[in-house]
2 protein chains.
Amino acid sequence: MIILMIRNDYSKTTTLKVKFMTNIKDLAKMANVSVSTVSRVLNNHPYVKEEKRLAVLEAIKKCNYQQNINAVHLSKGKTQLVGVVLPFTDLPYFGQLLKGIANQALEHNYKLIIFQTNYIESRELEALQMLKQKQIDSLIICSRTCNLALIQEYLSYGPIVLCEKVEDTHLAATFVNHYQTFMKALDYLYEKGHRRIGYTLGRKTGTNSHERQSAYADFIKKYQLPNNPDYIITGCYHLEDGAQVVQSIQAMSDPPSALLVTSDQVAAGIVAYCQNQQIAIPDELALIGFDNQPIAKMLGITTIEIPIEEIGKSLFLQAINEEISSIEMEAKLIERGTV
Amino acid sequence: MIILMIRNDYSKTTTLKVKFMTNIKDLAKMANVSVSTVSRVLNNHPYVKEEKRLAVLEAIKKCNYQQNINAVHLSKGKTQLVGVVLPFTDLPYFGQLLKGIANQALEHNYKLIIFQTNYIESRELEALQMLKQKQIDSLIICSRTCNLALIQEYLSYGPIVLCEKVEDTHLAATFVNHYQTFMKALDYLYEKGHRRIGYTLGRKTGTNSHERQSAYADFIKKYQLPNNPDYIITGCYHLEDGAQVVQSIQAMSDPPSALLVTSDQVAAGIVAYCQNQQIAIPDELALIGFDNQPIAKMLGITTIEIPIEEIGKSLFLQAINEEISSIEMEAKLIERGTV
DNA sequence: GTAAATGATGAAACGCGTTTCATGTCAAAC
DNA sequence: GTTTGACATGAAACGCGTTTCATCATTTAC
């Protein structure tokens, strides 16, 4: 039930307020100096006599002055704002990534503006537009659905940083080599005797998914394993998707004996549902998750650790740096009980 | 291991670019109209002859024109930006809240600017400053550590919305009645025969924690139960804090038989650790979580459902509305297997 | 046929800082 | 005693749209 009480009308206050806003010109008058001098004081520039500086400072205090930051932005052509494009804010992976970015932003006195896209291309475009419009100084794209070429068109308006492996471009990026990582995990399962290996993905498209797919393709070619398209299960993002994964496996005549899972969340969902269905892990079904989230530790899920916060940190630093760099982060297999 | 390759220098490009930026004045010249007319076209105002409109539109296309949004902001005194203050971005609760806010922001053509505070007061102050500086039109404070009086000082600069019960003020808010909810849960446990009931909190301070505390105090008074300060365990935010909770309970001579837990995450951590320690749930320890997250469903945790996304939605709507309202959301006990 | 309403359009003011440039002062340098 | 460099300061240009106001052209109304 919702209880609603209307208590006040805000608008009246606003109209009045406007007149009372002091600007730099008023300050100049009050302190008997020029606006230039006020600006110098405001920005801590040298060449202001202590006497005048104090006068300005006093005027500022007296009238509760506050810079209109929009004027500053217009004037400077910079906003100290970095855009962050990410599909969802409620997936732990992106939550942590954002945390890593946010902590650095704080340290460098930048603010973040969030574009939650739900993987809708037009929203990514909006973010790019804002770069062009100079509302943000640079843009971090944590995951995208739009074309790489499109992004490149906007490169001249400010740094754009990606979280995926990009070749031969002027784009900065921090990423893990998902091909290599996935291959390592597959090899590990092979060594452990698995020959029917499946995997789950979030979405079919996207660089990281493609890398995983091509690693898998190379893997089955390498060991001359049969290619079973059923073994690829997409649309797995959340904990609750785990049940569905197990169900679709159960429906197979020749189900996989091991699964490489999108994230630890999904892996946890699988573990839980298997417990429910009395499917023994790892004997009947082996699992490797991704990210090494707390939940993986809790449930003893073998996983691939990805330094998400570190990546976030790196992404941010690239966003505010002129130099374009490409940074690869190392992922690490953490053996626990699900293989 | 990190591989870094410096590929290019961005700065050269920027300096050049500036000269090539077209502005509204240029457009006016190109289309042979006044800047006012260009502005009218840009903003879809009436009273422009189709002929001129087309001329302007063509000029826009021809020179790849893009508004300098900072100039717009300065001129209009609005930014279509809403600030969101939240302590952490990587807690599911806040992730979901943000999702609810973000979805509405999108729908109303607003962007969000995130202030991750880690509960550091100065960062909350920064957000308030940005309201004063007009960088944001309004501010949503999901959780705060600063004084309410401080917030009120900034109220004249724009709407501020809180996510807690506030009395007798000009502050808008959407919240759940944590006192009532907590009491309901306590009563429920009492009915089920529990007399030694403890609870965990994130932090000791904060309105919501206080409400829970005072509900608890009233509860034990009502039933004349002993007041055992050990039964209150603070600092519980994450999954992994669950283990510590169980450990501290195990160390008690007279441990609680039931626990009201901060969040489903923490409850899940407790469940996992209890499984580990072979503590039977609910027989040896009953649990009620909060939020009704997927993990609670997965693990069969009895919990209090809180419509987080709904709250987020409401918070946003309040943020962009002139009217100041106070909206209470209903929480619901969901019985599962941990009581 | 004239008054009134409506449509169109541009000049100029406004929002508000930052930064460059020209000018002036004063002390150290030779 | 004059040159030079460092220190100080203000006027003005600049960044770029939005909006008001005045003006003029058409319609519509009666």
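Throughout, protein chains are lettered first and strands after them, A, B, ... in sequence-line order, and every chain is numbered starting at 1.
- Residue Lys52(A) has a polar side-chain atom (N or O) positioned under 4.0 Å from OP1 or OP2 of dT9(D).
- Comparing dT19(C), dA12(C), dT20(D) by their nearest atom to the side chain of Lys76(A) picks out dT19(C).
- Cation-pi check for Arg203(A) over Tyr119(A) is met; the charged atom lies under 6.0 angstrom from the ring centroid and within 45 degrees of its normal.
- Taking atom CG of Asp26(B) as the reference point, atom P of dC16(D) lies 9 Å away to the nearest angstrom.
- Contact annotation: Tyr65(B) does not reach the phosphate of dC16(D) (side-chain N/O to OP1 or OP2, under 4.0 Å).
- Comparing dG10(D), dT19(D), dC16(C) against the side chain of Ser36(A) picks out dG10(D) as the nearest.
- Which of dT9(D), dC16(C), dA12(C) sits closest to the side chain of Val35(B) comes down to dA12(C).
- Rounded to whole Å, the distance from NE2 on His73(B) to C1' on dG15(D) is 15 Å.
- For Ser39(A), a side-chain nitrogen or oxygen approaches OP1 or OP2 of dT18(C) to under 4.0 Å.
- Atoms NZ (Lys49(B)) and P (dG7(C)) sit 13 Å apart, rounded to a whole Å.
- One interatomic measurement links the two molecules: CG of Leu74(A) to P of dG17(C), which rounds to 12 Å at whole-angstrom precision.
- A cation-pi arrangement, defined by a distance under 6.0 Å to the six-membered ring centre and an angle within 45 degrees of its axis, is absent between Arg123(A) and Phe115(A).
- Ring centers of Phe316(B) and Tyr110(B): under 6.0 Å apart, within the cut-off.
- Formation of a donor-acceptor pair under 3.5 Å by the Gln318(A) side chain with backbone atoms of Ala173(A) is found in this model.
- Rounded to whole Å, atom P of dT18(D) lies 15 Å from atom NZ of Lys25(B).
- A close approach under 4.0 Å does occur between a side-chain nitrogen or oxygen of Gln67(B) and OP1 or OP2 of dT18(D).
- OP1 or OP2 of dG10(D) lies within a sub-4.0 Å distance of a side-chain N or O belonging to Thr37(A).
- The distance from atom CD of Gln80(B) to atom NZ of Lys111(B), rounded to the nearest 0.5 Å, is 8.5 Å.
- Within 3.5 Å, no donor on the side chain of Arg40(A) pairs with an acceptor on the base of dG17(C), nor the reverse.
- Using a 4.0 Å heavy-atom criterion, one finds that Val33(B) contacts the sugar-phosphate atoms exclusively.
- Checking the phosphate oxygens (OP1, OP2) of dG10(D), a side-chain nitrogen or oxygen of Ser34(A) falls inside 4.0 Å.
- Within the 3.5 Å criterion, the main-chain N or O of Ser39(A) finds a donor-acceptor partner in the side chain of Asn43(A).
- The separation between Met21(B) atom CE and dC16(D) atom P is 7 Å, rounded to whole Å.
- We find that CD of Gln80(B) is positioned 15 Å from C1' of dG17(D), with the value rounded to whole Å.
- Listed pair Tyr47(A) / dA8(D) fails the phosphate criterion, with no side-chain N or O lying under 4.0 Å from OP1 or OP2.
- Residue Ser75(B) places none of its side-chain N or O atoms closer than 4.0 Å to OP1 or OP2 of dG17(D).
- As a whole-Å value, the separation of Asn43(B) CG from dC16(D) P is 17 Å.
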